[in-house]
Q: 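Supplied in structure tokens, the structure appears directly below.
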Amino acid sequence: MAMSITHQIGALSGTPIPSESGTNSGESTAVVSAAAVWKSEPSNLRCRIQKQGLDMDAISPPLSPCMATSPVLNGIRADLSSACLAFETEDEVREYREEGAQVKGKGVPVFVMMPLDSVTMGNTVNRKKAMNASLQALKSAGVEGVMMDVWWGLVEKDAPGAYNWGGYSELLEMAKKHGLKVQAVMSFHQCGGNVGDSCTIPLPRWAGEEIEKDPDLAYTDQWGRRNFEYLSLGCDTLPVLKGRSPVQCYADFMRAFRDNFKHLLGDTIVEIQVGMGPAGELRYPSYPEQNGTWKFPGIGAFQCYDKYMLSSLKAAAEAAGKPKWGSTGPRDAGQYNNWPEDTPFFRREGGWNGPYGEFFLGWYSKMLLDHAERILSSAKSVFEGNGIKISVKVSGIHWHYGTRSHAPELTAGYYNTRFRDGYLPIAKMLARHGAIFNFTCIEMRDHEQPQDAQCAPEKLVRQVALATREAGVPLAGENALPRYDETAHKQILAASSLRLDDGGEDDREMCAFTYLRMNQELFQADNWRQFVGFVKKMKEGKGENKCREQVEREAEQFVHITRPLVQEAAGALRH
């Protein structure tokens, strides 16, 4: 007798499923053996286990997923609610907890980023039907949880201290219902103007009013161009926002979030990622894409010309006994779209490596670290004792990495050069606060990037892995761009359990990986098949000795029986 979808899922998860015989005299519970779905393995089956590393065979990168048209997914609707309930069992939750990445070699849990506009400007859940179906599908694939942006510009948009958690309350309850963990991002930046930004969510209206009165609250470049993505860290501690400082506003926001969702902390909400700058990353807005200001692989520009930053620079120069160095930043550092060798400051023997360059870059990067210290101190005091992990996102600026000056990293605030490790100070700072170092560009390979721009994402990831190991801080990862192909998945698998081979005590295994992003493309048939296999391999970890063929066979079975969920999610997102 053919099993229903509900019974097939129940068999795979080891969950007793109530019999649906239609009789009322008594209900029986049938436990279906997984062998009914999967044939037992022949005892003489052999497979070759191939260790994956950063030197695996190169495969030509595929076309960008957005270039392909979405196939129309048709199929028979199934009982989605009962199917999903088969996954939401205590046994499965316990299995996730036991197989988490905290135990070396036991795999890396995968989270998935939710759409940026998951909550509307009216504080409701956007595309509720699609959201519900999508979360069900993710749970069915074995995903640990989701990451959601909690936008300052949405929750506190109307008046200082007036918080509207409406849409987030519903969204978090939805995640809880489906048994998904949540990484909540305290997004104190504007949405719009960066890679992948699909909507516009400005800073709170009242904060915008203050910026209009005092434009120096915004980051400013040497040509006077203002950037409104995130408030300048130069005014972090000044009462410039209707009597409160920016850091006080961030702390009050996090405290209100904690108080409102205290019942979910440590159980459903397991991590708080604290926004530190544009795109939620700890950096300056040195490469803004909005209005075509910057284009890859330009070096970017320093963002230290608002009056608050210049005041700090002046004080630092005077303290160093070099008052003339405090009037301005480098004037010979080129423009946003220059290359290092185009500029006197960043070229091979440029000013970056001289006395003035060392002073300026030391001050510029320290201001960023001090900014992180202030906000992390607030976050720690707010969430301590609630079973919450705190993380900070650092951008993977891999272009011109092969040059001596590493110009794009310098303009972003990472004092990383051929002669200086700029990520170790960040890692040590995070370690002092018990925070996680979340790093991007994990999916990229060196040979896929423009070689004339000396891009080296793999070398950069390796450097960060070494720095986090030395500092004793957990490392988590994200992919910087949407990728649904096996080549990117292989690279993530390799980087998530990176063999450093440097004589150190151990390799670097990530504590978690967050996948970009939950959308219609993810639920296309081929992409979903690749994704389910990827999640399963990440969860297996390098400590497991299952052959690749077995893992892929198991993943294919999940793809088959969860097809109705995926069709529901894709169809709802389409409409």
Side-chain angles (χ1 to χ4, degrees), residues 216 218-225 227 232-238 276-278 281-287 298-336 338-374 394-395 397 400-401 403-430 432 463 467 471:
D216 281 291
Y219 280 118
T220 309
D221 63 22
Q222 69 182 80
W223 304 281
R225 186 185 288 107
N227 187 297
S232 169
L233 61 80
C235 60
D236 265 357
T237 59
L238 303 175
M276 298 279 182
E281 297 169 336
L282 175 62
R283 65 174 175 87
Y284 294 99
S286 56
Y287 51 98
I299 59 176
F302 292 112
Q303 306 291 311
C304 59
Y305 292 88
D306 63 80
K307 67 184 181 184
Y308 301 105
M309 291 290 285
L310 287 176
S311 175
S312 173
L313 176 60
K314 181 181 179 182
E318 290 174 351
K322 300 286 186 179
K324 291 183 179 179
W325 289 352
S327 60
T328 181
R331 291 294 192 181
D332 57 353
Q335 300 188 29
Y336 285 98
N338 284 143
W339 286 33
E341 292 304 314
D342 297 335
T343 72
F345 189 78
F346 290 122
R347 66 191 179 195
R348 183 182 176 89
E349 303 296 341
W352 63 273
N353 203 30
Y356 167 73
E358 291 177 359
F359 158 77
F360 174 80
L361 295 171
W363 165 81
Y364 190 68
S365 60
K366 187 177 185 301
M367 289 288 284
L368 191 65
L369 287 172
D370 290 346
H371 171 68
E373 292 263 16
R374 285 188 286 269
V394 177
S395 182
I397 303 175
H400 302 298
Y401 184 87
T403 64
R404 286 193 173 193
S405 65
H406 292 230
E409 292 164 87
L410 298 184
T411 58
Y414 306 151
Y415 193 177
N416 190 56
T417 70
R418 178 76 58 85
F419 314 116
R420 189 181 189 279
D421 187 343
Y423 298 99
L424 185 56
I426 297 174
K428 288 181 175 178
M429 179 270 298
L430 295 178
R432 286 196 296 274
Q463 180 185 350

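All residue numbers refer to positions in the sequence shown, counting from 1.
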Q: List, one per line, each side-chain donor-acceptor pair under 3.5 Å for residues 321-330, sequence neighbours excluded.
A:
from	atom 1	to	atom 2	distance (Å)
T328	OG1	R331	NE	3.2
T328	OG1	R331	NH2	3.4

Q: Do H400 and W339 make a side-chain contact, defined as non-hydrogen atoms from C-beta onward lying under 4.5 Å apart?
A: yes
Q: Side chains of Q303 and Y364: closer than 4.5 Å at any heavy-atom pair?
A: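 The answer is yes, as the side chains (C-beta and beyond) meet within the 4.5 Å cut-off.
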Q: Carefully, step by step, assess Y415 and I426 under the rule side-chain contact (heavy atoms from CB on, under 4.5 Å).
A: CA-CA 10 Å; Y415 193 177; I426 297 174; over 6 Å; no
Q: Could you report the tightest heavy-atom contact between A471 and K428, atom names first, then the distance?
A: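 Closest pair (atom of A471, atom of K428, distance): CB-N, 3.8 Å.
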Q: Between E341 and R348, what is the shortest heavy-atom contact and its length?
A: OE2-N, 3.0 Å
Q: Nearest 0.5 Å, please: how far is CG in D306 from CG in D216?
A: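 If we round to the nearest 0.5 Å, D216:CG and D306:CG are 5.5 Å apart.
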Q: Which residues satisfy the side chain to side chain donor-acceptor pair (under 3.5 Å) test with R374, sequence neighbours excluded?
A: D236
Q: Got a sec, which pairs hit salt bridge (Lys or Arg N to Asp or Glu O under 4.0 Å) with one end in residues 349-366, sequence neighbours left out?
A: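 Residue pairs with at least one partner in residues 349-366: E349-R404, K366-D370.
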Q: Could you report the tightest heavy-atom contact between G334 and Q222, atom names first, then the distance?
A: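 That closest heavy-atom pairing would be O-OE1, 4.3 Å.
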Q: Where does the angle between the aromatic ring planes of Y356 and F360 fall among parallel (under 30°), tilted (30 to 60°) and perpendicular (over 60°)?
A: parallel
Q: Output the distance between atom OG (S232) and atom NZ (K307), rounded to the nearest 0.5 Å.
A: 11.0 Å
Q: State which residues pass side chain to side chain donor-acceptor pair (under 3.5 Å) with R418; sequence neighbours excluded, sorted by chain then number.
A: none
Q: If you look at every heavy atom in D342 and P344, which pair is closest and at what distance?
A: O-CD, 4.3 Å
Q: Classify the ring geometry between W223 and Y336 as parallel (under 30°), tilted (30 to 60°) or perpendicular (over 60°).
A: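 Rings of W223 and Y336: tilted, 30 to 60°.
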Q: Are any of the side-chain heavy atoms of F346 and N338 separated by less than 4.5 Å?
A: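 No, too far: nothing below the 4.5 Å cut-off.
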Q: Does the side chain of L233 come within less than 4.5 Å of Y284's, by heavy atoms?
A: yes
Q: Taking side chain to side chain donor-acceptor pair (under 3.5 Å) as the test, write out the residues that go with W363, two or more places apart.
A: S312
Q: Could you measure the distance from the OG1 atom of T237 to the NE2 atom of H371? Nearest 0.5 Å is fine.
A: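 These two atoms lie 11.5 Å from each other.
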Q: I need the minimum non-hydrogen distance between T417 and S405, along with the two atoms involved.
A: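 Where T417 meets S405 most closely, the heavy atoms are CG2-O, 3.7 Å.
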Q: Under 3.5 Å, side-chain donor or acceptor atoms of residues 406-414 against the rest of the protein: list the pairs with distances, not counting sequence neighbours.
A:
from	atom 1	to	atom 2	distance (Å)
H406	ND1	E409	OE2	2.7
H406	ND1	N416	ND2	3.4
H406	NE2	Y401	O	2.9
H406	NE2	T403	O	3.3
E409	OE1	N416	ND2	3.0
E409	OE1	Y423	OH	2.6
T411	OG1	I299	O	2.9
T411	OG1	P408	O	3.1
Y414	OH	L282	O	2.6
Y414	OH	S395	N	3.1

Q: Could you report the tightest heavy-atom contact between A333 and F302, atom names first, then the distance?
A: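 Between these two residues, the closest heavy atoms are CB-CE1, 3.9 Å.
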